[in-house]
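The next block holds one structure in the form of structure tokens; read it before the comments.
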Amino acid sequence: MKVTLEDAVSLLSKYAEERTPVLAVLGTPSVSIARVAGTIRVSVVGGVPCLLIGKEDSETDQIKFWLSDCEFAYGDFRDEESAALKFEGFLVVGSEKGDTLSLFEMKS
């Protein structure tokens, strides 16, 4: 289901405030893929929200993703029994450049 930037930022802020663990998978048009597990931090730089995902004390185990010119979709795993055991839901962020950030909310 598509969601607005405001709804996505609200969900991401909730994840950040509650320090919800997520699995982040970043894919690029050149087929580069990065995967990081950790928490989300949201900051606003020049009016554009930016995500930092990963361990706070490590610069190498982080993904940084700008939320400008993006589309957002949210879903859950009601129909995927094996994924439902590990994850609550997911947020997919697609940038105009073709980068895709998938955030999977881990079950506690």
Side-chain angles (χ1 to χ4, degrees):
M1 154 178 79
K2 283 193 173 189
V3 295
T4 65
L5 171 62
E6 293 77 23
D7 289 340
V9 170
S10 176
L11 177 62
L12 294 167
S13 295
K14 177 182 175 272
Y15 286 169
E17 288 171 18
E18 296 176 0
R19 303 191 49 75
T20 303
V22 298
L23 171 64
V25 180
L26 175 65
T28 67
S30 65
V31 193
S32 295
I33 296 178
R35 181 179 153 180
V36 170
T39 56
I40 294 175
R41 288 162 318 282
V42 180
S43 65
V44 178
V45 179
V48 179
C50 177
L51 297 180
L52 282 171
I53 306 116
K55 298 176 182 172
E56 286 187 52
D57 57 352
S58 173
E59 288 186 26
T60 57
D61 292 336
Q62 289 186 353
I63 293 175
K64 187 180 210 176
F65 197 87
W66 295 94
L67 297 179
S68 61
D69 301 319
C70 293
E71 292 186 0
F72 305 90
Y74 181 79
D76 59 34
F77 293 101
R78 283 181 231 172
D79 299 329
E80 300 285 332
E81 208 170 302
S82 61
L85 296 174
K86 295 180 184 178
F87 305 107
E88 295 287 341
F90 60 91
L91 179 68
V92 178
V93 183
S95 79
E96 201 173 74
K97 298 177 191 173
D99 297 330
T100 303
L101 177 67
S102 301
L103 299 170
F104 299 92
E105 179 185 353
M106 294 185 198
K107 284 196 171 184
S108 358

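The hydrophobic cluster containing Val3 also contains Val42, counting ILVMFWY residues as joined when their side-chain heavy atoms lie under 4.5 angstrom apart, directly or transitively. Hydrophobic clustering, with ILVMFWY side chains joined whenever heavy atoms are under 4.5 angstrom apart, groups Met106 together with Val25. One hydrophobic cluster holds both Leu12 and Ile63 under the rule that ILVMFWY side chains link at heavy-atom gaps under 4.5 Å. Note: the hydrophobic cluster containing Tyr74 also contains Val22 (ILVMFWY, side chain heavy atoms under 4.5 Å, direct or indirect links).
Distance check: Lys64 NZ to Leu26 CG gives 13.5 Å after rounding to the nearest 0.5 Å. If you take OH on Tyr15 and CG on Leu51, they are separated by 11.5 Å, rounding to the nearest 0.5 Å. Taken to the nearest 0.5 Å, the CG atom of Leu101 stands 12.0 Å off from the OG1 atom of Thr28. Between the CE atom in Met1 and the CG atom in Asp76 there is a gap of 8.5 Å [rounded to 0.5 Å]. Of the inter-residue distances, the one linking Leu91 atom CG with Phe104 atom CZ reads 10.0 Å to the nearest 0.5 angstrom. Distance CZ/Arg41 to CD1/Ile53: 8.5 Å, rounded to 0.5 Å.
Across every non-hydrogen atom of Phe65 and Ser95, the tightest pair is CZ-CB, 4.2 Å. Nearest heavy-atom pair across Ser102 and Val92 is OG-CG2, 4.0 Å. Minimum heavy-atom separation, Lys14 to Thr20: O-OG1, 4.5 Å.
Just one of Val9, Thr4, Leu5 meets the side chain to side chain contact (heavy atoms under 4.5 Å, CB included) condition when paired with Phe72; it is Leu5.
The shortest side-chain heavy-atom distance between Leu23 and Phe87 falls under the 4.5 Å cut-off.
Side-chain atoms of Ser10 never come within 3.5 Å of backbone atoms of Glu6 as a donor-acceptor pair (strictly under, hydrogens ignored).
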